[in-house]
Amino acid sequence: MSIAVLLKQVPDTTSKISFSGSAVDLSAVTKWSISPYDEYALESALKLKSEGLGDIIAITCGPSRSSKILTDAAAVGADSLVHILVEDLIHDSRNIQKLLSSALNRLNCQIILCGKQAADTNSGSTGPGIASLMEITCVSMVSEIKIDGDDLIAMRNGPNGQEEIQASKPCLFTFDKGTEELRRPNVRGIMMAKKKSIETLTPSDLSVELLNSSVKFDSQISPPEKPPGQKFQGADSVASVVQKLREEANVI
Amino acid sequence: MEISIIAENIGGSLNPVTAQIVSVAKILDGEVTVVCPGGFGVEEAAKISGVSKVVSVEGDCFANFDGMAWSQAINSAVTGEILLSSSSNFGREIMAIIAAMRDIPIIQDITDLSADMAITRPILSGKAIEKLEIGGSCCLTIRANVFAAAGNDGDADIKTINHTSNVGISVKEAIAKADEKLDVSEAEIIISGGRGMGDPDNFSYLYEISEIIGAAVGASRAAVDTWEQIPHSMQVGQTGKTVTPKLYIAVGISGAIQHLAGMRTSKYIVAINKDPEAPIFGVADYGIVSSWEDALPLLKTELEKLVLD
């Protein structure tokens, strides 16, 4: 059996964002990484693999540069790598969901792990959307997964609090911050990963016709700069700041 | 045009954010139906001004949260062309599942929208603002505290639908009840502590102040990573929650780029830090260069005076 992990390449959270024309200048991004919540999903998959649940298929959907994160995943232990190649940015999550669920159905994956949302779009539509298309159980906001016979038990931070959730396969889990320390690749892992082949699939390979969406892109702009604030020295200024919060800002 | 709002509850009562979503439906000039999953908050929803109908969806599947089962039941009760909810974890999941079921587009975490559906939403945790346009049937989730709440002089009809669906999960054990404390993503005032607080026990000073002004307590990533006692649910920033309160008070937080991304769109920011060069002062409306040990007792006293006035 295989555990599928869905990974997205995003600008590293430490990287500065600049703009070119009416959009974020992606060519100016100095460092690209696996989206942080996806890393927790990968780490959990590695743990499940070490407990004998199955091998790991790492899957990404994105432009050619994103194959690097698959190699990164192989360096820590992903067994096979699948790259769904789409060069253009997609603003309608349905396209991504259809591509990924088509690939997951083809690979016959019973356990699917991904992050709760990507660090670039910040949406969180992809995981639950895939579960919906595949008509399988979706457990969200998970921090840890354990094996329990044929079932899985997930620690979830749900609307009612923290709960242990039992789910049977097939099931998709979206990860919040996990409890496991993220492992770093060793030199041998990195060398082996470089030799690992990546299966590249196109939308037509997956029999998915990309939608001409009703979502139209207008622009991406820099958030408005705030005018410089007022700075005070020493704790004695607290009283006057509180006064200003009431009279100037009117917020308390 | 009919607009369906998926309501949310806290501890069985209607989440106040639902009244904010009604204001968004009014911008779109729609006829508003509020759908209450599990029958929670029905009476309160009927009182929101501008709501013409409340649908209570009831069934066995609402005993525990199962995104897929809930979405199927909710979807059966939705008659609107446009679906709205808050962009809480709950709202995002339910709407993503329903959008995929209906094969309609979804846009999450909207902070502004016009009558002709020009949409603004932050991306990259607030490092950029994206503008999109959308037409036709769609699912939209709305950031809390951006739109003013609708009034409460309504008197909508309540209809009950029984619809249950197959549940795919079971709760093996409840580990901890949902925090009764205000969540940072829904609070109008947030007071956050960083590693500069020195010790997690010192967050008690922040809690004391939060009680005076009805604030939620947040934390920086450094604080969450350093101290086990500070849970990730409190984390504000790029790998935590992106927030837009009226007032954000940062205490002992230096202001890493990821933290600034998560809170810079707050209406007013107060920073308390002993390092005058801390980057947090770059986004603060009011900066106080002081140790928290000196500043917080005074802040508490001053706020108490205001509240007593």
Side-chain angles (χ1 to χ4, degrees), chain A residues 13-14 17 24 36 91-94 97 119-125 128-129 131-133 137-141 153 157-167 177 213-223 226 229-235 237-239 241-242 244-246 249 251-252, chain B residues 65 67-68 89-90 92-93 96-97 99-101 105-109 123-136 168-178 213 232 238-239 246-247 257-258 264-265 268 270 281 283-290 294-295 298-299 302-303 306:
Chain A
T13 56
T14 57
I17 297 299
V24 169
H91 292 284
D92 188 332
S93 172
R94 283 182 294 173
Q97 292 169 25
D120 53 357
T121 61
N122 301 142
S123 282
S125 303
S132 181
L133 292 177
T137 303
C138 177
V139 183
S140 297
M141 301 293 293
I153 294 184
N157 207 349
N160 300 320
Q162 207 181 18
E163 299 164 325
E164 270 193 345
I165 298 293
Q166 183 155 12
K177 188 171 184 171
S213 173
S214 58
V215 181
K216 300 277 175 254
F217 177 77
D218 178 77
S219 59
Q220 290 163 340
I221 55 168
S222 178
K226 288 188 85 152
Q230 307 170 41
K231 203 162 161 187
F232 307 89
Q233 287 297 326
S237 59
V238 167
V241 168
V242 168
K244 284 169 187 288
L245 285 175
R246 163 138 282 183
V251 287
I252 42 176
Chain B
F65 181 65
M68 193 61 60
N89 293 325
F90 168 86
R92 286 174 196 248
E93 176 175 353
I97 292 174
M101 283 174 180
I106 178 163
I107 300 179
Q108 305 264 22
D109 206 21
I123 56 168
L124 295 154
S125 298
K127 289 179 189 167
I129 307 290
E130 181 168 79
K131 291 176 188 272
L132 302 166
E133 282 162 23
I134 193 167
I169 60 135
S170 60
V171 176
K172 205 166 146 65
E173 198 184 342
I175 307 290
K177 263 188 82 78
I213 49 175
H232 178 245
Q238 192 151 10
T239 47
K246 277 194 312 196
L247 172 62
I257 182 168
Q258 297 97 323
R264 68 183 314 151
T265 52
Y268 283 92
V270 173
F281 288 121
V283 299
D285 300 275
Y286 304 107
I288 300 171
V289 183
S290 162
D294 289 339
L298 288 167
L299 183 62
E302 289 300 324
L303 290 171
L306 267 192

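Reminder, nothing fancy here: chain letters follow the sequence lines and each chain counts from 1.
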- line: Tested for side chain to side chain contact (heavy atoms under 4.5 Å, CB included) against B:Leu303, the lone hit among A:Leu245, A:Ile252, A:Val238 is A:Ile252
query: Is the backbone N or O of A:Gly229 less than 3.5 Å from a side-chain atom of B:Asp285, with the two atoms forming a donor-acceptor pair by type?
result: no
- line: CZ of A:Arg246 to CD of B:Glu302, rounded to nearest 0.5 Å, is 12.0 Å
query: chain A: which of B:Ala100, B:Pro105, B:Ala174 shares the most heavy-atom pairs with it under 4.5 Å?
result: B:Pro105
query: So which part of B:Asn89 gets closer than 4.5 Å to some heavy atom of chain A, the side chain, the backbone, both or neither?
result: side chain
- request: Give, for atom CD of A:Glu163 and atom CD1 of B:Ile169, the distance between the pair rounded to the nearest 0.5 Å.
  value: 7.0 Å
- line: Cut-off 4.5 Å, heavy atoms of chain B, and the answer for A:Pro36 is side chain
statement: Bottom line for A:Val251: the part with an atom under 4.5 Å from chain B's heavy atoms is both
message: Looking at chain B, which one of A:Ala167, A:Ser222, A:Pro159, A:Gly124 has the largest number of heavy-atom pairs inside 4.5 Å, strictly under?
response: A:Pro159
- request: Go through the atoms of A:Asp92 and report whether side chain, backbone, both or neither lie under 4.5 Å from a heavy atom of chain B.
  value: side chain
statement: Interface check, chain B: of A:Gly234, A:Ser93, A:Ser213, most non-hydrogen pairs under 4.5 Å belong to A:Gly234
query: If every non-hydrogen atom of B:Glu133 is compared with every non-hydrogen atom of A:Asp218, which pair is closest and at what distance?
result: OE2-OD1, 3.9 Å
- prompt: Where is the tightest heavy-atom contact between B:Tyr286 and A:Val241, given as atom of each residue plus distance?
  reply: CB-CG1, 3.9 Å
- request: Side-chain contact test, heavy atoms from C-beta onward, threshold under 4.5 Å: evaluate it for A:Asn122 versus B:Asp109 and give yes or no.
  value: no
field: B:Lys246 (side chain) donor-acceptor with A:Ala249 (main chain) under 3.5 angstrom
entry: no
- line: Heaviest contributor of heavy-atom pairs below 4.5 Å to chain B, chosen from A:Asn157, A:Val139, A:Asn160, is A:Asn160
statement: Assert top hit (heavy-atom pairs under 4.5 Å, partner chain A, pool B:Asp294, B:Val283, B:Ile97) equals B:Ile97
message: Out of A:Ser214, A:Ala131, A:Ser123, A:Gly129, return the one with the most heavy atom pairs under 4.5 angstrom to chain B.
response: A:Ser123
- request: Find the distance between CE (B:Met68) and OG (A:Ser132) and round it off to the nearest 0.5 Å.
  value: 5.0 Å
- prompt: Nearest heavy-atom pair of B:Ser290 and A:Ala235: which atoms, and what distance?
  reply: OG-CB, 3.4 Å
message: Quick check for you: among B:Ile106, B:Leu299, B:Leu306, B:Ile213, which has the greatest number of heavy-atom pairs under 4.5 Å with chain A?
response: B:Leu306
message: Do A:Glu164 and B:Ile175 have side chains that approach each other closer than 4.5 Å (heavy atoms only, starting at C-beta)?
response: yes
field: For the student: nearest non-hydrogen atoms of A:Ser237 and B:Ile288, plus distance
entry: OG-CG2, 3.5 Å
query: Non-hydrogen atoms of chain B under 4.5 Å away: do they reach the side chain of A:Val215, the backbone, both or neither?
result: both
query: What is the distance from atom CD1 of B:Ile257 to atom CD1 of A:Ile17, rounded to the nearest 0.5 Å?
result: 8.0 Å
query: In terms of heavy-atom pairs under 4.5 Å with chain A, which of B:Ser125, B:Gly67, B:Ala99 leads?
result: B:Ser125
message: I'd like to verify something: which residue of A:Val24, A:Thr137, A:Asp120 has the highest number of heavy-atom pairs under 4.5 Å with chain B?
response: A:Asp120
- prompt: Going by heavy atoms in the side chains, are B:Leu132 and A:Phe217 under 4.5 Å from each other?
  reply: yes
Gap between atom CD of A:Gln166 and atom CD of B:Glu173 - 0.5 Å precision: 12.0 Å
Pairwise side-chain contact, A:Lys177 with B:Thr239, heavy-atom cut-off 4.5 Å (strictly under): no
message: If you compare all heavy atoms of A:Thr14 against all heavy atoms of B:Gln258, which two are closest, and at what distance to 0.1 Å?
response: CG2-NE2, 3.2 Å
- line: Rounding to 0.5 Å, atoms OG (A:Ser219) and CD (B:Glu130) come to a distance of 8.5 Å
query: Would the number of heavy atoms belonging to other residues, nucleotides or ligands and lying under 6.0 Å from NZ of A:Lys216 be above 12?
result: yes
- request: Over all heavy atoms of both residues, which pair between A:Pro223 and B:Ala128 is shortest? Give the atoms and the distance, please.
  value: CD-CA, 4.0 Å
- line: Cut-off 4.5 Å, heavy atoms of chain A, and the answer for B:Ala284 is backbone
- request: Answer with yes or no whether the side chains of B:Glu93 and A:Ser140 bring together a donor and an acceptor at under 3.5 Å.
  value: yes
- prompt: Is it the case that A:Lys231 places NZ or CZ above or below the six-membered ring of B:Phe281, under 6.0 angstrom from the centre and within 45 degrees of the axis?
  reply: yes
- request: Against chain B, label A:Gln233 side chain, backbone, both or neither, depending on which of its atoms sit under 4.5 Å from a heavy atom there.
  value: both
